[in-house]
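In what follows, a single structure is set out as structure tokens and then discussed.
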Amino acid sequence: ILPDQAAELLRVQSGRLDLTHSEIRPEDYLSLRRAEERGSARLVDLGIGLLFITHDLGVVSRIAQRVAVMYAGEVIESGTAGELYARPRHPYTRGLLASIPVPGRTRHGERLGVIPGTVPSLLGPLRGCAFRERCAQATPACASDVAARSHGGHEWRCVLDAENTA
């Protein structure tokens, strides 16, 4: 979708815009955002929200206003894109962000972050933090149910004090 096509698509739609199961590339979403930024169309004014599911947080940083990070089928952290990228609270989120090359900061040949371990089995109920077996900062408290913590519009599920573990 070219930016002008995206703007036209948004102008002619009435009711619900359903892109479910469409083969939409990240560039297509960027085109929608560019059209919105130029003032050609405003997704919010049209009552349109996009749910973009990906492992590529680099793309997410360019298109999302709010971000939810999931692990083992549960949202473990959510907030505005600016807050979540600037102050990630959950160790998994920090691991994901450490694995993204940053133009101008990541040197050629520099090793990116890696999250060690394996994903837990999703068969049967999970108790506590599902990330705890892979987390270098896990404590026995992580095996208990983890209540959501929040600050402003930023919410996360971790027993650790994010201020002291970043």
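Predicted model only: the values in this text are computed from it and were never measured.
Rounding to the nearest 0.5 Å gives a distance of 10.5 Å between CE of M70 and OH of Y92. Atom CH2 in W156 sits 6.5 Å away from atom OG in S150 (nearest 0.5 Å). The structure places CZ of R89 at 10.5 Å from SG of C158, a figure rounded to the nearest 0.5 Å.
Within the 3.5 Å criterion, the main-chain N or O of S144 finds no donor-acceptor partner in the side chain of R127. Of the possible donor and acceptor atoms, one in the side chain of R132 sits under 3.5 Å from a partner among the backbone N and O of C129. Looking at R149, its side chain does come within 3.5 Å of a backbone N or O of L160 through a donor-acceptor pair.
Just one residue in the list T93, T80, V67 forms a side chain to side chain contact (heavy atoms under 4.5 Å, CB included) with Y85, and that residue is V67. When each of R157, H154, H90 is tested with E77 by the rule side-chain hydrogen bond (donor to acceptor under 3.5 Å, both in side chains), just one qualifies, namely H154.
Across all non-hydrogen atoms, the minimal contact from I115 to R134 is O-NH2, 3.1 Å. Heavy atoms only, all atoms of each residue included: V146 and G128 are closest at CG2-C, 4.2 Å. Nearest approach of P101 to S99, heavy atoms of both residues: CD-O, 3.7 Å.
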Please assess L112 against I100 for the test side chain to side chain contact (heavy atoms under 4.5 Å, CB included), listing each intermediate value before the final yes or no. CA-CA 7 Å; L112 298 175; I100 301 171; over 6 Å; no

